[in-house]
Every structure is written in structure tokens, then in C-alpha cells.
Number of protein chains: 2
Amino acid sequence: MDPMALGKDYAQQQCSIARALEVVGERWTLLLVRDAFYGVRRYSDFLAHLGAPRAVLAARLQALVEIGVLERRRYQESPPRDEYVLTERGLALWPVLWSLGSWARTELPGTLPMRHFHHADCGTELGPGGACPACGLPVPPADVEMRPGAGLDPDPADPVGRALLRPRRLLVPLETAWTDRLDRGAGPRELSPSAVRLQGGETGGTEEVTG
Amino acid sequence: MDPMALGKDYAQQQCSIARALEVVGERWTLLLVRDAFYGVRRYSDFLAHLGAPRAVLAARLQALVEIGVLERRRYQESPPRDEYVLTERGLALWPVLWSLGSWARTELPGTLPMRHFHHADCGTELGPGGACPACGLPVPPADVEMRPGAGLDPDPADPVGRALLRPRRLLVPLETAWTDRLDRGAGPRELSPSAVRLQGGETGGTEEVTG
DNA sequence: TCGGTCAGTTCAATGAACGAACTCAACCTA
DNA sequence: TAGGTTGAGTTCGTTCATTGAACTGACCGA
């Protein structure tokens, strides 16, 4: 009857928060979006890092693409391979992730900080609201540098977790074991996987990121 | 084996966001917290407004009390009645709710705004990050006034929804049909249900709110 | 004593999530 | 060209969570 057709809807809730939760409120969804901010783009990398069942991951990816949080784009033709990249709409979820992480860090006891987030331009650690206390301005995710914290497992089982041990800028495509087979010709240059795959298009970001 | 014992845990996720979602990521939980911000405090009011199954509501309330997001407090002895009130830890979730609602309002198309949030001190509608554009400062939830928007159903089925049609300050205990039977002696004075029940303690807020 | 309210609990049916196995196309390599 | 591998899923039986309806039990008011 109801043509809304969103996966798990919250019936007659007259509320923007409920609408948001219909889109990103299901299990695994926000962690998937988090990984997308961390630079994860490929099905197998999401799978390795999240540990979600394959069927759930496939369903969530498809739903997020349909809603416009992620964009699925072909990055090579043979064999055909797609990657999932945050759109503008997906990038706008950064405050949600920030506030959730911020809440857990300050309000849930008994854990060392896992990761620190810094303003890449000036190096200052981000403050309340994800803003830079030094510059006094909100920092878009593309300008955030993530650094490992004391609470982080120093030797994660999955390659994605290992790649995320090093300081990284958010949204920069992740390099995992799968790229190791590609640097026959890439050599020691600081090319991102996307740049390698696209044979030197943009400098490693997406339109949304660099724009 | 794992002594973590949180309802739905996200296995070996080394991440504050995952920790937060273990606490508030289950279905209904964030909507329940939202209602607590709106002034809902009683089981039957949560039930009427959320439409969640009774068993789920009872489980969520208990979990949130155990984690310290809500406090369960006795407000009358005969018959014994408890109310669920946000603690400091719960109040700290306001940015999460704000950012979720804000994202849905700006990024999800096709709906009129349901509610507007204003800085109660100066009347300005809140801007990005839940801050007051006029005063330039973040506004704590206790200083937020909620006003109905154009997208709101003007005649909700449940009494809680009806009570939320009028402009209200967040966190002020909600008056529903159940209080109608109490204003035998309360008269036209502007006493909140809590104040009535407590026979005139604070001016209507809780320690956490006024502190 | 009767009926009603509030705040739950119990329980059968349904729906998601889980994990292991399977598919399928395309490449690699011998 | 046969055989193996990889990436990206799909299928499917089991387990777990959610749902909605009915039930419980303390208390009140008439």
C-alpha cells in the first residue's frame, strides 16, 4: 500500500530523524559509510574490514547506491570491476559519523582512543563539531587527516585494517594487497590506486573530493 | 566467551563509531532517545508515539538505563510509577540526533520540513552544527525551542503527537492526556507535570537540564 | 466488587542476519 | 588449452531479532 518502499521504514513517524534512519539506520550501514570515508571502495575490502555477511553487504551497497549515498562506477573493463564512491549526499553524512564517534569517545568509558582526526592544513586535532579549534572553521572530510590512536590493535587480521594503521587523509582510495600486483610499472611514485587504474587522471581524489 | 555483552555487537571493530552503534544503533533506540529530548518520559507515551512493540520498548529502555543514557526515577509511590529521563550521557547525544535530522532535511528530497529548531534565547533558527547563527555559539538542547513545520500531520492519532504540535522547549516534560486528570488543583498556572508531581521543586527541568 | 489504567511479560509467527557453499565471468600460467 | 585463481556476488539452511496480540499483576476509583 504505502509506496515509500524503503527497506525498514518507521511507519508514520513525522520526523526527519526517522527518515534518516530509514536510509542509514540498518545494521552495518553506517559502518559501511564510515569505511567509505576511510577510503574503502571495493566490495572485497568492505567485506574484509567489516566482517558482515556477503549478502548483507551486497544489499546495503545496492541500497546506498539507489538512494544516492554511494555511486557505483566502472574503473576497469576487463575484467569489469566497479568501485563504490561517496557522492555529495554521502559526504554530507560526515557530521553524523563524527558526532557518533565523538560521543563514544567522550561518554563511553574504558577505551583508549582508536583514531585521531586532524585538520590536514594545520595539523590541529579536530574539536567539537568536527571543527578546527585553531582555524575556527568546520573542516570538510577531504581535509581531515586520520592518525592511529593508542587503543588500536597494532596487528589487525585483515589487510584493510593494516592499511588503516598508517596516517591517512580521509577519502583517499585505499591501497590493499590487491594493488600490490599492480605496481609492476607504478614503481615508488606516490600514486593512489585510482590514479594508477585511471592512468593518471586526477591526482587521486574524486570530483566530490577535490571540488 | 566475549564478555562485552552488548546487545548487538560489531565483533572486532576497532572504532568509536562502532562502539556508539552498539549502544544506540539498534532499531528504535535513537527514535526513543529523540522522544526523550522532546519531553517524553513515560513508558506509555513512548509506546504511543513510537509505535514500537511493547517488548522491544521495554528492552530498549532497560538497555539505555544500564548504559547510563537514561535514568529511571520514581516520581510517585502509589501506584508506583517511574519515568525515564536523559542523563548527561544521554544529553550528549543531541549532536547525533541533530546531524541525522539535518542530513535528512537537506539531502533527502521530497518532504516539507517537519519541525524547526530555534535558539530559545533569541528566537533564531539553528544553523549548521546546531549552533545559533546570531549568537555564534552552540546551543545546548535545553535552550532549544521546537516549532512545528509545514510537513507535520496536523492531526496525529496519538496524544503525544498532538502534544508535540505546539511550540515547545526541548526536555520539558510532556503533558499528555494522563495529566489532564491531574489539573484538579493545578489550575491555569504554568506548572510542568514534573513540577506538579514533585509538588513544586525545580521550575520544570531536571538537574541535568538546568545545570 | 467491578472496571480501568499502567507497565510491563509471554509467546507464536514472521522477518532479518549469519555463514558456508556455490556460481560465474575473466584473467593467469604452464 | 586445461587448471587454478580472483573478484563479486547469489543461494540456502540455521539462528537470532522483531512483531503483534494476548496475558499478568499491582493499584486506583466508584
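Being a predicted model, the structure only gives us computed values, none of them experimental. Throughout, protein chains are lettered first and strands after them, A, B, ... in sequence-line order, and every chain is numbered starting at 1. For the numbers below, each heavy atom of this structure counts, side chains included, while hydrogens, waters and symmetry mates do not.
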Notebook entry, point to check: From C/dC18, C/dT5, D/dC27, pick the nucleotide closest to the side chain of B/P79?
Noted result: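 Taking heavy atoms from C-beta onward, the closest nucleotide is D/dC27.
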Could you tell me how far apart [X] ([atom1]) and [N] ([atom2]) are, to the nearest whole angstrom?
| X | N | atom1 | atom2 | result |
| --- | --- | --- | --- | --- |
| B/E83 | C/dC6 | CD | P | 15 Å |
| A/Q76 | C/dA25 | CD | C1' | 13 Å |
| A/R74 | C/dA26 | CZ | P | 10 Å |
| B/L47 | C/dA7 | CG | P | 10 Å |
| A/L32 | D/dA8 | CG | P | 14 Å |
| A/L57 | C/dC18 | CG | P | 11 Å |
| A/E26 | C/dC18 | CD | P | 12 Å |

So is [X] actually on top of [Y]'s ring, under 6.0 Å and inside 45° of the axis?
| X | Y | answer |
| --- | --- | --- |
| B/R42 | B/Y75 | no |
| B/R89 | B/W94 | no |
| B/R41 | B/F46 | no |

Notebook entry, point to check: Which distance, rounded to the nearest 0.5 Å, do you find between the CG of B/L97 and the CD1 of A/I17?
Noted result: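 Separation between the atoms: 4.5 Å.
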Next item on the list: Look at A/E145 together with A/R147 and state whether they make a salt bridge at an N to O cut-off of under 4.0 Å.
Entry: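 Between A/R147 and A/E145 there is a salt bridge, with a charged N closer than 4.0 Å to a carboxylate O.
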Contact list (N/O, under 3.5 angstrom) for nucleotides 9-13 of chain D vs protein:
unit_1	atom_1	unit_2	atom_2	d
D/dG9	OP1	A/R72	NH2	3.0
D/dG9	OP2	A/Y84	OH	2.8
D/dG9	N7	A/R54	NE	3.0
D/dG9	N7	A/R54	NH2	3.2
D/dG9	O6	A/R54	NE	3.1

Between [X] and [N], is there a contact of a side-chain N or O with OP1 or OP2 at under 4.0 Å?
| X | N | result |
| --- | --- | --- |
| B/W28 | D/dT19 | yes |
| B/R27 | D/dT19 | yes |
| A/S78 | C/dC27 | yes |

Notebook entry, point to check: For DNA chain C, whose closest nucleotide is more 5', that of A/R60 or that of A/R81?
Noted result: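 Comparing both residues, the 5'-ward one is A/R60.
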Notebook entry, point to check: According to the salt bridge (charged side-chain N to carboxylate O under 4.0 Å, His left out) rule, which pairs have a member within residues 46-66 of chain B, sequence neighbours left out?
Noted result: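 As it turns out, there is no salt bridge (charged side-chain N to carboxylate O under 4.0 Å, His left out) pair with a partner in residues 46-66 of chain B once direct neighbours are skipped.
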Checklist line | A/T87 side chain to A/G68 backbone, donor-acceptor under 3.5 Å | finding: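 Yes; at least one donor-acceptor contact below 3.5 Å.
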